[in-house]
Enquirer: 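Here it is: the structure, laid out below.
Residue numbers run from 1 in the order of the sequence given.
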Amino acid sequence: MFKRLKEDVENVLEQDPAARNFLEVMLTYSGLHALWLHRIGHYLYKKGFLFTARVISQTSRLITQIEIHPAAKIGRKFFIDHGNGVVIGETCQIGDNVTIYQGVTLGGTGKECGKRHPTIGDNVVIASGAKVLGSFTVGENSKIGANAVVLNEVPPNSTVVGIPGKIVVREGKRVGKDLDHMNMPDPTAERFLRLEQEIERLKEMLSESKGDI
């Protein structure tokens, strides 16, 4: 147990350049506290103490602002950076050496039963605000961009960005067109523009029909 705790702290020191020493990480990193509390809750959950496990999970949420269902399976060297607003669902499975940032949701898409949350492969990075929703796999060595909404399978060694999430890099090669983050489309503005154009067309048709009378 102590070997695993030491590994967790060393992983934070490796991943976060702002982490200065062992004691600081142990006392001040909410992501680490949430992980440790989850391990206790997960152990109790597997032993059948479901209510106690949920109490620990919700206590962890109040303390760290990170919600991890006690049934979720998490591998080694899991790092939650900052962590505020992170949600990890009941049937989620997370591999080794995974990093996620604040505001990430690993959730479901409805009230379906069985496996309804994602499986995250080894060495995956999920950036701030990303939502990975549904029962599918994010392949190993993949990256999910900030605020992406991922609803489908992600192959290994891929980079996904956008809403809905699109693969823009796979096996080190770009896929499709580059995403221009400085000029993202505004669907609402585009819809209003089309409505204005339709209204103008109808006005012209009405004016022409009046002239024929």
Enquirer: Does atom NZ of K115 have more than 12 heavy-atom neighbours, drawn from other residues, nucleotides or ligands, at distances under 6.0 Å?
Expert: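 Atom NZ in K115 is packed in, count exceeds 12.
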
Enquirer: Can I get a per-line list of side-chain donor-acceptor pairs under 3.5 Å for residues 143-150, giving both atom names and the distance, sequence neighbours left out?
Expert:
none

Enquirer: Would the number of heavy atoms belonging to other residues, nucleotides or ligands and lying under 6.0 Å from CZ of F22 be above 12?
Expert: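 Above 12, so yes.
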
Enquirer: Whether the side chain of H117 engages the backbone of G107 through a donor-acceptor N/O pair (distance < 3.5 Å, no angle test) should be reported.
Expert: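 Not at all, since once roles are kept as given, no pair shorter than 3.5 Å links the two residues.
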
Enquirer: Report yes if some heavy atom in the side chain of D81 is under 4.5 Å from a heavy atom in the side chain of D16; otherwise report no.
Expert: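 The answer is yes, as the side chains (C-beta and beyond) meet within the 4.5 Å cut-off.
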
Enquirer: Do the side chains of E7 and R4 get close enough for a salt bridge, i.e. N-O under 4.0 angstrom?
Expert: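 Yes, this pair counts.
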
Enquirer: Given the rule in the side chain to side chain donor-acceptor pair (under 3.5 Å) test, do N141 and N157 qualify, once you have shown the distances and angles that lead to the verdict?
Expert: CA-CA 5 Å; N141 306 313; N157 308 304; 3.1 Å; yes

Enquirer: When you measure from the side chain of T119 to the backbone of S135, do you find a donor-acceptor pair of N or O atoms at a distance under 3.5 Å?
Expert: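 Checking the backbone N and O of S135 against the side chain of T119, no donor-acceptor pair under 3.5 Å is found.
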
Enquirer: Supply the atom-to-atom distance I199 CD1 to E204 CD, rounded to the nearest 0.5 angstrom.
Expert: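 Atom-to-atom, I199:CD1 and E204:CD are 12.5 Å apart.
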
Enquirer: Might you confirm whether atom CZ of F136 has over 12 heavy atoms from other residues, nucleotides or ligands at distances under 6.0 Å?
Expert: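 Atom CZ in F136 is packed in, count exceeds 12.
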
Enquirer: To the nearest 0.5 Å, what is the distance between CG on N97 and CD on E14?
Expert: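 N97 CG to E14 CD: 8.5 Å, rounded to 0.5 Å.
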
Enquirer: Could you give me the CA-CA distance, side-chain angles and deciding distance for T59 and L37, then say whether side chain to side chain contact (heavy atoms under 4.5 Å, CB included) is met?
Expert: CA-CA 9 Å; T59 301; L37 287 168; 5.8 Å; no

Enquirer: More than 12 foreign heavy atoms under 6.0 Å from CZ of F79: is that the case here?
Expert: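 Yes - once you tally the heavy atoms of other residues, nucleotides and ligands closer than 6.0 Å, there are more than 12.
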
Enquirer: Check whether any side-chain heavy atom of I94 sits under 4.5 Å from a side-chain heavy atom of L106, and report yes or no.
Expert: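 Yes, their side chains come closer than 4.5 Å.
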
Enquirer: Side chains of I100 and I88, heavy atoms from C-beta outward: is any pair under 4.5 Å?
Expert: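 Result yes, sub-4.5 Å side-chain heavy-atom pair found.
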
Enquirer: Give the C-alpha distance, both sets of side-chain angles, the deciding distance and a yes or no for side chain to side chain contact (heavy atoms under 4.5 Å, CB included) between Y101 and V125.
Expert: CA-CA 8 Å; Y101 291 82; V125 177; 3.9 Å; yes

Enquirer: To the nearest 0.5 Å, how far apart are CG in D8 and CG in L32?
Expert: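 Result: 6.0 Å between the selected atoms.
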
Enquirer: Calculate, to the nearest 0.5 Å, the distance between atoms CD1 and CG belonging to I74 and L35 respectively.
Expert: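 If I round to the nearest 0.5 Å, the distance is 6.0 Å.
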
Enquirer: Could you check whether K77 pairs with E10 (Lys NZ or Arg NE/NH1/NH2 to Asp/Glu carboxylate O, under 4.0 Å)?
Expert: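 Answer for the salt bridge query: no.
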
Enquirer: At what distance, to the nearest 0.5 angstrom, does CE of M205 lie from CZ of R201?
Expert: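 With rounding to 0.5 Å, CE (M205) is 5.5 Å from CZ (R201).
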
Enquirer: Any side-chain to backbone donor/acceptor pair from H69 onto A71? Under 3.5 Å, distance only.
Expert: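 Confirmed, H69 side chain pairs with A71 backbone.
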
Enquirer: Answer yes or no: are there more than 12 heavy-atom neighbours, outside R61 itself, under 6.0 Å from its atom CZ?
Expert: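 No.
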
Enquirer: Please name the pair of heavy atoms, one in L13 and one in R20, separated by the smallest distance, quoted to 0.1 Å.
Expert: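 Minimum heavy-atom separation between L13 and R20: CD2-C, 4.3 Å.
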
Enquirer: Are V9 and L5 linked, directly or through other ILVMFWY residues, by side chains that come within less than 4.5 angstrom of each other?
Expert: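 Same cluster: V9 reaches L5 through Ile, Leu, Val, Met, Phe, Trp or Tyr contacts under 4.5 Å.
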
Enquirer: Between W36 and V12, is there shared hydrophobic-cluster membership here, with clusters defined by ILVMFWY side-chain heavy atoms closer than 4.5 Å?
Expert: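 Hydrophobic grouping puts W36 with V12.
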
Enquirer: Do the side chain of H33 and the main chain of M26 share a donor and acceptor less than 3.5 angstrom apart?
Expert: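 Yes: the side chain of H33 pairs with the backbone of M26.
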
Enquirer: Any donor-acceptor pair under 3.5 Å linking the side chain of H38 with the backbone of A72?
Expert: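 Present.
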
Enquirer: So, for S60 and A34, which heavy atoms are closest and what is the spacing to 0.1 Å?
Expert: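 Minimum heavy-atom separation between S60 and A34: OG-CA, 3.7 Å.
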
Enquirer: Verify, without hydrogens or angle tests, whether S57 (side chain) and I68 (backbone) share a donor-acceptor contact under 3.5 angstrom.
Expert: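 Yes, because the side chain of S57 sits within donor-acceptor range (under 3.5 Å) of the backbone of I68.
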
Enquirer: Could you check whether any side-chain N or O of S158 sits under 3.5 Å from a backbone N or O of P156, counting only pairs where one atom can act as donor and the other as acceptor?
Expert: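 Checking the backbone N and O of P156 against the side chain of S158, a donor-acceptor pair under 3.5 Å is found.
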
Enquirer: Do you know which two heavy atoms are closest between A19 and V25, and how far apart they sit?
Expert: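 Taking every non-hydrogen atom into account, CB-CG2, 3.7 Å.
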
Enquirer: List the atom of A18, the atom of Y29, and the distance in Å for their closest heavy-atom pair.
Expert: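 Heavy-atom minimum between the residues: C-OH, 3.9 Å.
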
Enquirer: Within the distance-only criterion (no hydrogens, no angle test), does the side chain of S30 pair as donor or acceptor with the backbone N or O of H82 below 3.5 angstrom?
Expert: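 Yes; at least one donor-acceptor contact below 3.5 Å.
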
Enquirer: To the closest 0.5 Å, what do you measure between CZ (R39) and CD1 (I56)?
Expert: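 The distance works out to 14.0 Å.
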
Enquirer: Taking the side chain from D96 and the backbone from R76, do they hold a donor-acceptor pair closer than 3.5 Å?
Expert: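 Confirmed, D96 side chain pairs with R76 backbone.
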
Enquirer: What are the two closest non-hydrogen atoms of V138 and S142, and how far apart are they?
Expert: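 Minimum heavy-atom contact is CG1-CB, 4.1 Å.
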
Enquirer: Taking all atoms of both residues into account, what is the closest heavy-atom pair of K131 and G129, and its distance?
Expert: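 K131 and G129 have their closest heavy atoms at CE-O, 3.3 Å.
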
